[in-house]
Amino acid sequence: MGQVQREGSNHYLGLYESREAAESSVAEFREQHPSTRLRKLESVRRNRVRCYDEETLLAQRASVVDVIESGVKPLIKLTTAKGRVLRCSVDHAILTPEGWAKAGELAVGDAVMGAGTASRPSEALVPPSLRRGIGVWTSMQRNRLIKETDTCHLCSRTFPRESLALDHRVPVVADLNRALDENNLAPACEDCQAQKSAEEQALARRGGTIAVALPETIISIAEDGEEMTYDLSVEGPWHNFLANGIVVHNSYNEESGRYRELQPVFYIPGEDRKLVQQGRPGKYEFVDGTPEQHRAVSDAMEASYRHSYQAYQDMLAAGVAREVARATLPVGLFSSMYATCNSRSLMHFLSLRTQDERAAVPSFPQREIAMVAEKMEAQWEKLMPLTHAAFNANGRIAP
């Protein structure tokens, strides 16, 4: 069922066979009766943004996959102690020291993660533990490879064994593969070895700064009107990006009735939906309903949807908060979300939420979630045909 509100009046647009058709009718209505609140945002597809490793908090780069129009939403303006200002929807996720939080749930005094720098630690080209092990092995060869009186291979002077040590002709930092090669060892006096070691250490990278995410305190939060909003879809593995110096996220974002008015797009089962359950608990099946049963379902749902949505509108008009008014809406109201996952997670989801004769472990999901899963699988098959084929060939079991 498609319905749209404009200037305080509800416009009933009719019944449709799918959600896409209902949304299309709503979009067509709004195109013919445009809002004055739209803001244009130019596409930034294929551009790169700064993102952060959520485990180390080190800065990285990621490509923008898509720009998604997310609808008109209430906005808030967050200001931090460093003077950074972020305007975002109240349901947008922001990285905090404790993890992800919705912007609308943050308060003055809370901390968010912002762009910062830290001193770069010294980065020896050979890890200290490995260097120590190589040193122990080299010392064990000393008595066997150095004569009682021998020559330093660097200065060509002669010394007793006690004044000599084994030195790597080709430095360990230059070729780790020759660290345990006896042919790469030669006697060296203390002075020459000390000078050569200092020169090798100079090859290590030291000093400077690195970009990291650091906490900064929120000093003010203010409502900032309503505008059309857009989300960036960013490639993995870290689906976040830097917005005005603050780390934000949108890899999972479901439409929230707490922060925005929900639109009247409802689910009515199609004629192919089996309506009648037969059999005992734990061993039952669904069979087709009669035309009369389908008509009864459609009529009852439509009447219920009209009544509940009108009650929702009446409460909003009376000044009741959205988060309270939404309680009257039924489960048949469509919701929308953006989500990301890897192929392994998707395969696990599909194995549980689709019914397929190729499955080694049968699953019996509710038809409505199976409809969602089937559409997801169709898109995935286009993107990763070889992986999809392997999934089916192996009994539709996630690796």
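Contact of the Lys274 side chain with the Val287 side chain is not registered, since no non-hydrogen atoms from C-beta on lie closer than 4.5 Å. For the pair Leu185/His168, a side-chain contact is recorded, criterion being any heavy-atom separation below 4.5 Å from C-beta on. At a threshold of 4.5 Å between non-hydrogen side-chain atoms, the residues Thr96 and Asp110 do not count as touching. By the 4.5 Å heavy-atom criterion applied to side chains, Val49 and Arg61 are not counted as neighbours. Put simply, the side chain of Leu86 reaches to within 4.5 Å of the side chain of Val248, judged on heavy atoms. A 4.5 Å side-chain heavy-atom check between Phe286 and Val276 finds every atom pair outside the cut-off. Contact of the Leu78 side chain with the Leu106 side chain is registered, since non-hydrogen atoms from C-beta on lie closer than 4.5 Å. Residues Leu333 and Gln263 fail the side-chain proximity criterion, which asks for heavy atoms closer than 4.5 Å.
Within a 6.0 Å radius of CD in Gln277, more than 12 heavy atoms belonging to other residues, nucleotides or ligands are found. Shown here is Gln60, whose CD atom has more than 12 heavy atoms of other residues, nucleotides or ligands within 6.0 Å. Other residues, nucleotides and ligands place no more than 12 heavy atoms under 6.0 Å from the CD atom of Glu190. Around NZ of Lys147, the count of heavy atoms belonging to other residues, nucleotides or ligands within 6.0 Å does not exceed 12.
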Going through the checks in order, is the salt bridge (charged side-chain N to carboxylate O under 4.0 Å, His left out) test met by Arg273 and Glu368? CA-CA 9 Å; Arg273 183 26 164 129; Glu368 283 67 29; 2.9 Å; yes
Evaluate the side-chain contact (heavy atoms from CB on, under 4.5 Å) criterion for residues Val112 and Thr80: first the C-alpha distance (whole Å), next the side-chain angles of each, then the deciding distance (0.1 Å), finally the verdict. CA-CA 8 Å; Val112 295; Thr80 70; 4.1 Å; yes
Given the rule in the side-chain contact (heavy atoms from CB on, under 4.5 Å) test, do Gln293 and Leu275 qualify, once you have shown the distances and angles that lead to the verdict? CA-CA 8 Å; Gln293 288 173 321; Leu275 296 182; 4.1 Å; yes
Applying side-chain contact (heavy atoms from CB on, under 4.5 Å) to Arg157 and Thr151, what does each step give before you reach the verdict? CA-CA 6 Å; Arg157 291 184 294 170; Thr151 303; over 6 Å; no
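Using modelled atom types, one side-chain atom of Ser351 and one backbone atom of His348 make a donor-acceptor pair closer than 3.5 Å. A donor-acceptor contact shorter than 3.5 Å is absent between the side chain of Lys77 and the backbone of Cys88. A donor-acceptor pair under 3.5 Å is absent between the side-chain atoms of Gln379 and the main chain of Lys375, judged by distance alone. Distance alone, capped at 3.5 Å, places no donor-acceptor pair between the His239 side chain and the His249 backbone. No side-chain donor-acceptor contact under 3.5 Å links Arg142 to the backbone of Pro187. A donor-acceptor contact shorter than 3.5 Å is absent between the side chain of Tyr305 and the backbone of Ile268.
With rounding to the nearest 0.5 Å, the separation of CG in Asn342 from CG in Leu346 is 8.5 Å. Rounded to the nearest 0.5 angstrom, Leu350 CG and Asn392 CG are separated by 9.5 Å. Once rounded to the nearest 0.5 Å, the distance linking CZ of Arg144 with CG of Leu166 reads 9.5 Å. Separation of atoms CZ (Phe364) and CD (Gln355) is listed at 6.0 Å; rounding is to 0.5 Å. Taking CD of Glu381 as the reference point, atom CE of Met384 lies at 12.5 Å (rounded to 0.5 Å). If you take CZ on Arg87 and CG on Asp224, they are separated by 4.0 Å, rounding to the nearest 0.5 Å.
Each salt bridge (Lys or Arg N to Asp or Glu O under 4.0 Å) pair with one or both residues in residues 211-223, not counting sequence neighbours, appears once here: Arg84-Glu216.
The nearest pair of heavy atoms linking His294 to Gly289 is CD2-O, 3.8 Å. Taking every heavy atom of both residues into account, Lys73 and Ser89 meet most closely at CD-CB, 3.7 Å. Smallest separation of non-hydrogen atoms from Cys152 and Cys189: SG-N, 3.3 Å. Smallest separation of non-hydrogen atoms from Val320 and Ala325: CG1-N, 4.1 Å. Here the shortest heavy-atom pairing between Phe349 and Ala373 reads CE2-CB, 3.7 Å.
Checked against side-chain contact (heavy atoms from CB on, under 4.5 Å), Glu374 has the following partners two or more places apart in sequence or in another chain: Arg367, Ala370. For His388, the ring-ring contact (aromatic ring centres under 6.0 Å, His included) criterion is met by Trp380, not counting sequence neighbours. For Thr217, the side-chain hydrogen bond (donor to acceptor under 3.5 Å, both in side chains) criterion is met by no residue, not counting sequence neighbours. A search for salt bridge (Lys or Arg N to Asp or Glu O under 4.0 Å) contacts involving Glu377 returns Arg396, not counting sequence neighbours. Scanning for side-chain contact (heavy atoms from CB on, under 4.5 Å) contacts around Val212 gives Leu58, Ala118, Ile210, Leu214, with sequence neighbours left out. Ala186 pairs by the side-chain contact (heavy atoms from CB on, under 4.5 Å) definition with His153, Arg169, not counting sequence neighbours. Ser304 pairs by the side-chain contact (heavy atoms from CB on, under 4.5 Å) definition with nothing, not counting sequence neighbours. Contacts of Thr149 classified as side-chain hydrogen bond (donor to acceptor under 3.5 Å, both in side chains), with partners at least two apart in sequence or in another chain: none.
The hydrophobic clustering, which links ILVMFWY residues whose side-chain heavy atoms are closer than 4.5 Å, places Met315 and Leu329 apart. Connection of Tyr312 to Val324 is not established within any shared hydrophobic cluster, with ILVMFWY side chains joined at heavy-atom distances below 4.5 Å, either directly or through further cluster members. With hydrophobic clusters built from ILVMFWY side chains whose heavy atoms lie under 4.5 angstrom apart, Val372 shares a cluster with Leu383. Both Ile76 and Val108 are assigned to one and the same hydrophobic cluster, defined by single-linkage of ILVMFWY side chains at heavy-atom distances under 4.5 Å. Residues Leu154 and Phe159 fall into different hydrophobic clusters, defined by Ile, Leu, Val, Met, Phe, Trp and Tyr side chains chained together at heavy-atom separations under 4.5 Å.
Side-chain polar atoms of Thr354 and Asp356 form no donor-acceptor pair below 3.5 angstrom. For the residue pair Asp191/Gln195, the side-chain donor-acceptor check at 3.5 Å is not satisfied.
Using a 4.0 Å cut-off between charged nitrogen and carboxylate oxygen, Arg161 and Asp150 do not count as a salt-bridge pair.
Within the hydrophobic cluster formed by Ile, Leu, Val, Met, Phe, Trp and Tyr side chains joined at under 4.5 Å, directly or through other members, Trp100 is accompanied by Tyr52, Leu57, Leu95, Met113, Leu242, Val247. Hydrophobic cluster membership for Leu352: none, as no Ile, Leu, Val, Met, Phe, Trp or Tyr side chain comes under 4.5 Å of it. Counting side-chain heavy-atom gaps under 4.5 Å among Ile, Leu, Val, Met, Phe, Trp and Tyr, Ile219 is found in no cluster with other residues.
No cation-pi contact links Arg344 to Phe391, judged by a cut-off of 6.0 Å to the six-membered ring centre and 45° from its axis.
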